[in-house]
Colleague: 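Provided herewith is a single structure, encoded as structure tokens, for subsequent inquiry.
Because only heavy atoms are used, hydrogens play no part in the values below, and waters and symmetry mates are left out as well, while side chains stay in. Here the structure is a predicted model, which is why all the values come from computation and not from measurement.
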Amino acid sequence: MFDLLLRDAQLADSAGAPCDIGVIGGRIAAIGTELGPARRTETATGRLVLPGFVDSHLHLDKSCLLDRCSSEGTLGDAIAEVARLKSDFTERDVYARAEHTLTKAILHGTTRIRSHVEIDPRVGLRSFEALRRLRRDYAWAVDLELCVFPQEGLLNDPGTEELLAAACEAGADLIGGCPYTDSDPQAHVDRIFAIAERFDRDVDFHLDFDLDPSWMHLDAVIAATGRTGWGGRVTVGHVTKLSAVPAASLARIGQKLAAAGIAVTVLPATDLFLMGRGHDHNVPRGVTPAHRLVELGVTCSLATNNVLNPFTPFGDGSLNRIANLYAHVAQLGRQADMLCCLDMVTSAPARLMRCTDYGIAVGNAADMVVMDAVDPARAVAEIAPPLMGFKRGVKTFERPAARLIRPRELALSA
């Protein structure tokens with residue numbers, strides 16, 4: 001007997017009739033028809049079922065700060081504004097703001113998240129401890145990875161490296177870096193990889209976050225990845241410089257990334273908001289063409305980054321909305337393009353995060369989201385809302401599908 005039977009589910013990779021999904025012990029045990037009895041039955045009513053959205057780059061610790069901000073503008077302004085605020089962060093405050101954002105993400109169908117967490121002498125480990133508690137409290141609905149990193153530099157900020165090591169000892173899942181804010185970017189990259197080797201952690205950098213392609217810290221990361229043998233364990237985020245290079249240069253860089261085993265996360269909402277502010281006309285988009293890197297064999301994801309703070313003063317936690325936004329920016333309109341965008345908020349970030357049990361397949365975790373759509377490409381094009389979600393076979397949320405109430409119905413009910 002199944003613990004859960006999700007009936008009448010349309011799978012993204014199937015053009016055939018809807019099927020049933022049977023779950024035992026939190027894992028998918030069978031996919032087909034007439035599977036047998038179950039302790040609990042739900043129906044997708046023929047709608048699209050996805051294996052849950054995956055957000056590979058989110059800043060829960062500094063979300064929901066707009067009511068405390070006095071300015072917004074460039075990347076430097078955003079970093080300075082949060083630096084001013086975070087000395088006053090408490091665990092309780094961080095937890096409450098992060099919980100608000102995390103809840104929204106869950107309600108939009110996200111089942112796995114990598115959250116970056118700022119660590120330095122000003123905030124100490126308070127944000128990290130808050131998110132560790134949040135991870136425990138919401139494990140029933142979402143898998144939460146914590147990537148600790150130094151937003152304001154490392155070599156130029158004494159005491160930060162020791163705090164990063166302490167966080168790794170306390171259970172941080174990854175180590176991150178931000179070399180463009182450091183007085184010695186090359187040494188920053190080297191020290192982050194040294195911490196990664198010491199604690200056997202994957203690496204996720206904020207990198208090359210401007211529009212000047214004449215120099216890149218990406219070269220140092222590629223070299224360090226090869227030197228340490230960390231291929232397949234390194235991600236770089238933003239890399240907006242890659243939006244400013246010609247196609248031939250992008251192809252050469254993409255080939256290097258693919259050969260090195262370095263993944264790329266593009267953050268469309270933040271990159272659009274912060275890049276190109278020095279232009280008063282013909283403003284560049286500043287969003288790296290992830291789909292072109294995918295064609296070169298690079299694992300690429302689209303992610304949320306920031307929500308309601310100086311880096312991104314909007315956002316609702318919907319990765320489907322981010323996929324649609326990217327399609328607009330990259331001028332993608334074909335069905336295959338929509339499917340690529342969907343992949344970059346589902347299967348691709350799952351690969352990036354080295355999830356071994358992701359996807360609608362027998363044996364994998366029963367993480368499933370029922371969308372208000374039947375076709376995966378149309379789901380992205382129409383920003384279809386999720387109607388129901390499951391984490392390891394346990395229902396985590398539901399919302400009714402919207403429907404018109406026609407005058408005749410109102411008359412009959414009067």
Colleague: Should R392 and D3 count as an ion pair when the cut-off is N to O under 4.0 Å?
Modeller: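 Salt bridge: no.
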Colleague: Give the C-alpha distance, both sets of side-chain angles, the deciding distance and a yes or no for side chain to side chain contact (heavy atoms under 4.5 Å, CB included) between L211 and S243.
Modeller: CA-CA 7 Å; L211 297 178; S243 72; 3.5 Å; yes
Colleague: Determine the minimum heavy-atom distance between L131 and A98, stating which atoms define it.
Modeller: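 Reported closest heavy-atom pair: CD2-CB, 3.6 Å.
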Colleague: Please report the interatomic distance CZ(R112) to OG1(T346), rounded to the nearest 0.5 Å.
Modeller: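 Between R112 CZ and T346 OG1, I get 11.5 Å after rounding to 0.5 Å.
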Colleague: Start with the C-alpha gap between N320 and H108, add the side-chain angles, then the distance that decides, and say whether side-chain hydrogen bond (donor to acceptor under 3.5 Å, both in side chains) holds.
Modeller: CA-CA 8 Å; N320 198 26; H108 280 292; over 6 Å; no
Colleague: Heavy-atom distance under 4.5 Å between the side chains of H116 and Q151, does that happen here?
Modeller: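 They are not in side-chain contact.
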Colleague: Say whether, by atom type as modelled, one donor and one acceptor occur between the side chain of T33 and the main chain of C19 under 3.5 angstrom.
Modeller: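 Side chain of T33 to backbone of C19, a donor-acceptor pair under 3.5 Å: no, none is there.
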Colleague: Is the shortest distance from a Lys or Arg side-chain nitrogen in R191 or D182 to a carboxylate oxygen in the other one below 4.0 Å?
Modeller: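 Answer for the salt bridge query: no.
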Colleague: Look only at the side chain of T396 and the backbone of G389, and say whether a donor-acceptor pair between them is shorter than 3.5 Å.
Modeller: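 Indeed, once roles are kept as given, a pair shorter than 3.5 Å links the two residues.
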Colleague: Run the numbers on E129 and R126 for salt bridge (charged side-chain N to carboxylate O under 4.0 Å, His left out), then give the verdict.
Modeller: CA-CA 5 Å; E129 292 298 341; R126 295 190 298 277; over 6 Å; no
Colleague: Please evaluate residues V329 and D271 with respect to the criterion side chain to side chain contact (heavy atoms under 4.5 Å, CB included), reporting the C-alpha separation (whole Å), side-chain torsions for both, the decisive distance (0.1 Å), and the verdict.
Modeller: CA-CA 11 Å; V329 175; D271 298 347; over 6 Å; no
Colleague: May I ask you to check whether D55 and T304 show a side-chain donor-acceptor distance below 3.5 Å?
Modeller: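 On atom types as modelled, these side chains qualify, holding a pair under 3.5 Å.
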Colleague: Determine, for Y95 and R133, whether the Lys NZ or Arg CZ falls below 6.0 Å from the six-membered ring centre while staying within 45 degrees of the axis.
Modeller: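 Judged by the rule (NZ or CZ under 6.0 Å from the ring centre, within 45° of its axis), R133 counts as positioned above Y95.
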Colleague: Indicate yes or no: does D190 engage R227 in a salt bridge with an N to O separation below 4.0 Å.
Modeller: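 Result for this pair is yes, salt bridge flagged.
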Colleague: Atom OG1 in T43, atom CG in D8: separation rounded to 0.5 Å?
Modeller: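 Taking OG1 in T43 and CG in D8, the distance rounds to 4.5 Å.
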Colleague: Run through I360, D357, L6 and flag the one making a side chain to side chain contact (heavy atoms under 4.5 Å, CB included) with I28.
Modeller: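 Single pass found, and it is I360.
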Colleague: Can you confirm whether E152 sits close enough to E118 that some side-chain heavy atom of one is under 4.5 Å from a side-chain heavy atom of the other?
Modeller: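 The answer is yes; the side chains approach within 4.5 Å.
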Colleague: Is the shortest heavy-atom distance from the side chain of C64 to the side chain of T101 under 4.5 Å?
Modeller: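 Yes. Closest side-chain heavy atoms under 4.5 Å.
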Colleague: Quick one: does any side-chain atom of N364 pair with a main-chain N or O of Y358 as donor and acceptor, under 3.5 Å?
Modeller: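 Confirmed, N364 side chain pairs with Y358 backbone.
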Colleague: Side chain of W230, backbone of I262: donor and acceptor closer than 3.5 Å?
Modeller: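 It does not hold such a pair.
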Colleague: Might you point out which heavy atoms bring A290 and Y326 nearest each other, and give the distance in Å?
Modeller: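 Scanning both residues, the minimum pair turns out to be N-OH, 2.7 Å.
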Colleague: Tell me if a side-chain donor or acceptor on D77 pairs with a main-chain N or O of T74 at a distance below 3.5 Å.
Modeller: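 Here the side-chain-to-backbone pair exists.
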Colleague: Counting only heavy atoms not in R378 (residues, nucleotides, ligands), do more than 12 fall under 6.0 Å from its CZ?
Modeller: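 Result for CZ/R378: open.
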Colleague: Is the side chain of T270 donor-acceptor paired with the backbone N or O of L267 at a distance under 3.5 Å, no angle test?
Modeller: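 Not a single qualifying donor-acceptor pair exists.
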Colleague: Using the rule side chain to side chain donor-acceptor pair (under 3.5 Å), only one of D208, T288, D210 pairs with K241; which is it?
Modeller: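 Considering D208, T288, D210, a side chain to side chain donor-acceptor pair (under 3.5 Å) with K241 is found only for D210.
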Colleague: In terms of ring plane angle, is the pair F205 and H188 parallel, tilted or perpendicular, where the classes change at 30° and 60°?
Modeller: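 The rings of F205 and H188 sit tilted, inter-plane angle from 30° to 60°.
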Colleague: Please report the C-alpha distance between R285 and L272 in whole Å, then the side-chain angles of each, then the deciding distance to 0.1 Å, and finally whether the side chain to side chain contact (heavy atoms under 4.5 Å, CB included) criterion is met.
Modeller: CA-CA 6 Å; R285 292 182 171 97; L272 276 170; 4.2 Å; yes
Colleague: Quick check for you: to the nearest 0.5 Å, what is the distance between R135 atom CZ and D137 atom CG?
Modeller: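 These two atoms lie 11.5 Å from each other.
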Colleague: Write down the atom of A38, the atom of L4, and the distance for their closest heavy-atom approach.
Modeller: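 Nearest pair, atom of A38 first, then L4: CB-C, 4.2 Å.
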Colleague: Would you say the side-chain atoms of S347 pair up with the backbone N or O of D343, donor to acceptor, closer than 3.5 Å?
Modeller: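 Absent.
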Colleague: Within this structure, what is the CD1-CG distance for the pair I113 and D143, rounded to the nearest 0.5 Å?
Modeller: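 It is 9.5 Å, given to the nearest 0.5 Å.
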Colleague: Checking side chain to side chain contact (heavy atoms under 4.5 Å, CB included) for the pair V266/C300: CA distance, chi angles, key distance, verdict?
Modeller: CA-CA 7 Å; V266 173; C300 292; 5.9 Å; no
Colleague: If you compare all heavy atoms of S127 against all heavy atoms of V94, which two are closest, and at what distance to 0.1 Å?
Modeller: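 Minimum heavy-atom contact is OG-CG2, 3.6 Å.
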Colleague: Above 12 or not: heavy atoms from other molecules or residues under 6.0 Å from NZ of K395?
Modeller: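 Above 12, so yes.
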Colleague: Do K391 and W140 come within less than 4.5 Å of each other through their side chains, counting heavy atoms only?
Modeller: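 SC-SC contact between K391 and W140 ruled out.
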Colleague: State, yes or no, whether a side-chain contact exists between K62 and F311 at a heavy-atom distance under 4.5 Å.
Modeller: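 Yes; the side chains approach each other to less than 4.5 Å.
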Colleague: Could you state the interatomic distance from CZ (F209) to OG1 (T181), rounded to the nearest 0.5 Å?
Modeller: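 One finds 12.0 Å between CZ of F209 and OG1 of T181.
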Colleague: Can you spot which of L257, D204, T225 makes a side chain to side chain contact (heavy atoms under 4.5 Å, CB included) with V234?
Modeller: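 The residue from L257, D204, T225 that satisfies side chain to side chain contact (heavy atoms under 4.5 Å, CB included) with V234 turns out to be T225.
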Colleague: Looking at R27, I'd like to know if its CZ atom is crowded, meaning that more than 12 non-hydrogen atoms belonging to other residues, nucleotides or ligands lie closer than 6.0 Å.
Modeller: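 Yes, CZ of R27 has more than 12 neighbouring heavy atoms, counting only those of other groups under 6.0 Å.
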Colleague: Measuring only between side-chain heavy atoms, which start at C-beta, is Y180 closer than 4.5 Å to L75?
Modeller: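 Heavy-atom side-chain distance check passes, below 4.5 Å.
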Colleague: Is a salt bridge present between D200 and R233, judged by a nitrogen-to-oxygen distance below 4.0 Å?
Modeller: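 Looking at D200 and R233, the cut-off is met.
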Colleague: Which atom names give the shortest non-hydrogen contact between L352 and S301, and what distance separates them?
Modeller: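 Smallest interatomic distance, heavy atoms only, reads CD1-OG, 3.6 Å.
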Colleague: Can we say E295 and R292 salt-bridge, meaning some charged N sits less than 4.0 Å from an Asp/Glu carboxylate O?
Modeller: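 Answer for the salt bridge query: no.
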Colleague: Kindly indicate whether a cation-pi arrangement holds for R277 with F273, taking the cut-offs as under 6.0 Å to the six-membered ring centre and within 45° of the axis.
Modeller: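 R277 over F273 ring: yes.
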Colleague: Using a 3.5 Å distance criterion without hydrogens, assess whether the side chain of D173 forms a donor-acceptor pair with backbone atoms of C147.
Modeller: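 No.
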Colleague: Applying salt bridge (charged side-chain N to carboxylate O under 4.0 Å, His left out) to K86 and D120, what does each step give before you reach the verdict?
Modeller: CA-CA 10 Å; K86 70 182 173 184; D120 56 45; 2.5 Å; yes
Colleague: According to the interplanar angle, ranging from 0 to 90°, do the rings of H206 and H59 count as parallel (below 30°), tilted (30 to 60°) or perpendicular (above 60°)?
Modeller: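 It falls in the tilted class, 30° to 60°.
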Colleague: Would you call R198 and E169 a side-chain contact if the rule is heavy atoms closer than 4.5 Å?
Modeller: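 Answer yes - side chains close enough.
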Colleague: Whether the side chain of R399 engages the backbone of L107 through a donor-acceptor N/O pair (distance < 3.5 Å, no angle test) should be reported.
Modeller: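 Yes; judged by distance alone, with no hydrogens or angles, the pair exists.
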Colleague: Kindly indicate whether the side chain of F397, heavy atoms from C-beta on, has any atom under 4.5 Å from the side chain of P386.
Modeller: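 Side-chain contact under 4.5 Å: yes.
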Colleague: Grab the two heavy atoms, one from C69 and one from P310, that are nearest each other, plus how far apart they are.
Modeller: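 For C69 and P310, the tightest heavy-atom pair comes out as SG-CG, 3.2 Å.
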Colleague: Looking at R97 and D61, would you say the former's side chain and the latter's main chain have a donor-acceptor pair under 3.5 Å?
Modeller: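 Side chain of R97 to backbone of D61: a pair is present.
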Colleague: Output the distance between atom CG (L11) and atom CE (M368), rounded to the nearest 0.5 Å.
Modeller: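 One finds 10.0 Å between CG of L11 and CE of M368.
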